[in-house]
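We name chains A, B, ... by the order of the sequence lines, and we start the count at 1 in each one.
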Amino acid sequence: MYDIKWIRDNSDAFDAALARRGLAPHSADILKIDEERRTLIQTLQDAQTKRNSASKEIGKAKASGDEAAAQKLMDEVAQAKSTIQSGEEQQREIDARLREALSTLPNAPLDDVPAGEDESDNIEVRTWGEKPSLSFSPKQHFELGEDLGLMDFDTAAKLSGARFVVLKGALARMERAIAAFMLDIHTGPEKDGLGGYQEMLPPAIVWDETMYGTGQLPKFADDLFQVQGFELDRDEFERLSKKYPEIQDEYGVLAWFDLIMAATYDDKNIIDKSLKLIEQSVDEEDRESVRNLTSGFKRWLIPTAEVPLTNMVRESIVEEGDLPMRMTAWTPCFRAEAGSAGRDTRGMIRQHQFSKVELVSITTQDQSLDELERMTGCAEEVLKRLELPYRTVVLCIGDMGFGARKTYDIEVWLPGQDMYREISSCSVCGDFQARRMNARYRAKDDPKDIRYVHTLNGSGLAVGRTMIAIMENYQNDDGSITVPEALRPYMGGLETIAAG
RNA sequence: GGAUGGGUGGCCGAGUGGUUGAAGGCACUGGUCUUGAAAACCAGCAGGCGUGCAAGCGUCUCGGGGGUUCGAAUCCCUCCCCAUCCGCCA
């Protein structure tokens, strides 16, 4: 979310930022809306001023018993009122237009972010570790897992469809072990740029507003899973629809039909619209029943713990002394993968459900750039301790997410695929999410100085992909897998996973 | 699912139609006192938007939305959330 005032003063810089994202200039359109909005506000406020002062006069006139003067003032107010009413309506409409325009644009990249179209333009900043030299032809993780009898995609498909997996035995345990191992690193004492994160266990189901705060909504609803359900009161529906059979919507469709379809397909907007229409058309005595015809529920499954963790500071003002706030959580993540049909269809790389240990930092405006380096280091530390070779790249603009100003991806080496694959993504969002969330902090030296926080998020790490990396890097020629030393305490001392 | 009670400033909490943007307290900031600190005392202290070089002025906001009224935190409607009790239940 951009600051309209900033756009006003820096329209060229704004359009330049969009251009770097490959977007057409928007400042002219936005400033036109802004101009319109400000003119409207001015007239609206003038009318309100008139109404307010006249109302006070009325109070005085009535108190002093001057009914004639009061009556005259009341006529004046009545006139102002109609101006106000239509003005408020117009303002709601124009506010929505401005919000829509501002909230669907991606964040501006930092100056040092490389230009580029896609992942081939990302720039490697460092590599770590030795790729294992295997004396045999390495297998991919799903071959290893299936051969061990511990990774079952067929049964998962029976239960839930494509892009799910059932892990068994030592692999199921390894998921838990990896997560605990990572959490212990991040929640350890704050030292040498590591640790200091507070462990959280947040909800995995959230409101629209929460998704809006971190930028998943309104643009990326297709990537998310929804949890929803609406119920119709059938008896009342039958009674009312028989009593008032003729109510039609603007297309000449029966409102009752709209309502029952909307309830069947859980479309809250159409439900509300139909109910309003019906309510207006029935007798007074039935209005209440109409309102209570449906009951319902609509939420979203989180695609990452970034969503609930970052939104913890939504609609709040924190003290500067409490920053940086560092939080970590191991949660399930749910992604529709709508745009990924046909990509990574085999194996565990891309699933509808996976678990991840997430890192989130809420910082002051001065801290966020350093925090990005620190956070990336915390994520890399996990791979170092597991002795998994990786490289860190800085994403080019075209590969960067909607809310990010700069992103490092950490890519782990996968011998079975003979390539590096993303296992973590650490981003600094500046005040982009904070504006959407209205999350602010009070400056230490000046209590009146209230600023937007900066937010960062990063995987520390994706648990399933870490398991894949362990399996492929630690595989032996007999198809068994050596458990990395650091993980053994979490696996009850188990050293090797072999077919039983 | 049934019954009741609630949602007010950074926090707690008063306030049922007329200078109430809102008493009081806590927290915070400045000052007095003190060797220093604490305590005590004095003063300041909501956010957004518009306008202005600024001081300021205007306007909106007491869970969200709509309505009644000349005037709403206060009345009405609706949605959401929270709490307690009962029922059910991992």
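- Pairing of B:A73, defined by two Watson-Crick or G-U wobble distances under 3.5 Å, is not identified with any nucleotide.
- Using Watson-Crick or G-U wobble geometry with both donor-acceptor distances under 3.5 Å, B:G1 finds its partner in B:C86.
- Proximity of residues 2-12 of chain A to RNA chain B (heavy atom under 4.0 angstrom from any strand atom) is restricted to A:K5, A:R8.
- Comparing B:C80, B:C60, B:G10 by their nearest atom to the side chain of A:R442 picks out B:G10.
- With a cut-off of 3.5 Å on both pairing distances, B:A22 has no Watson-Crick or G-U wobble partner at all.
- The pairing partner recorded for B:U61 is B:A46, the criterion being a Watson-Crick or G-U wobble arrangement whose two distances lie under 3.5 angstrom.
- Figure legend. B:A54 is base-paired to no nucleotide; pairs are counted as Watson-Crick or G-U wobble with both atom distances under 3.5 Å.
- When both distances must be under 3.5 Å, the Watson-Crick or G-U wobble mate of B:A40 is B:U32.
- The residues A:D95 and A:R99 are annotated as not salt-bridged, no charged nitrogen and carboxylate oxygen being separated by less than 4.0 angstrom.
- Judged as a salt bridge (charged side-chain N to carboxylate O under 4.0 Å, His left out), and not counting sequence neighbours, A:D46 has no contacts.
- Less than 4.0 Å separates RNA chain B from at least one heavy atom of each of the following residues of residues 37-45 of chain A: A:R37, A:R38, A:I41, A:Q42, A:Q45.
- At a threshold of 4.0 angstrom between heavy atoms, the contacts of A:R299 are confined to the sugar-phosphate backbone, with no base atom among them.
- Taking the six-membered ring where the residue is Trp, A:H352 and A:F164 present tilted rings, their angle falling between 30° and 60°.
- Checking B:G10, B:U59, B:G66 against every side-chain atom of A:R92, the shortest atom distance belongs to B:G66.
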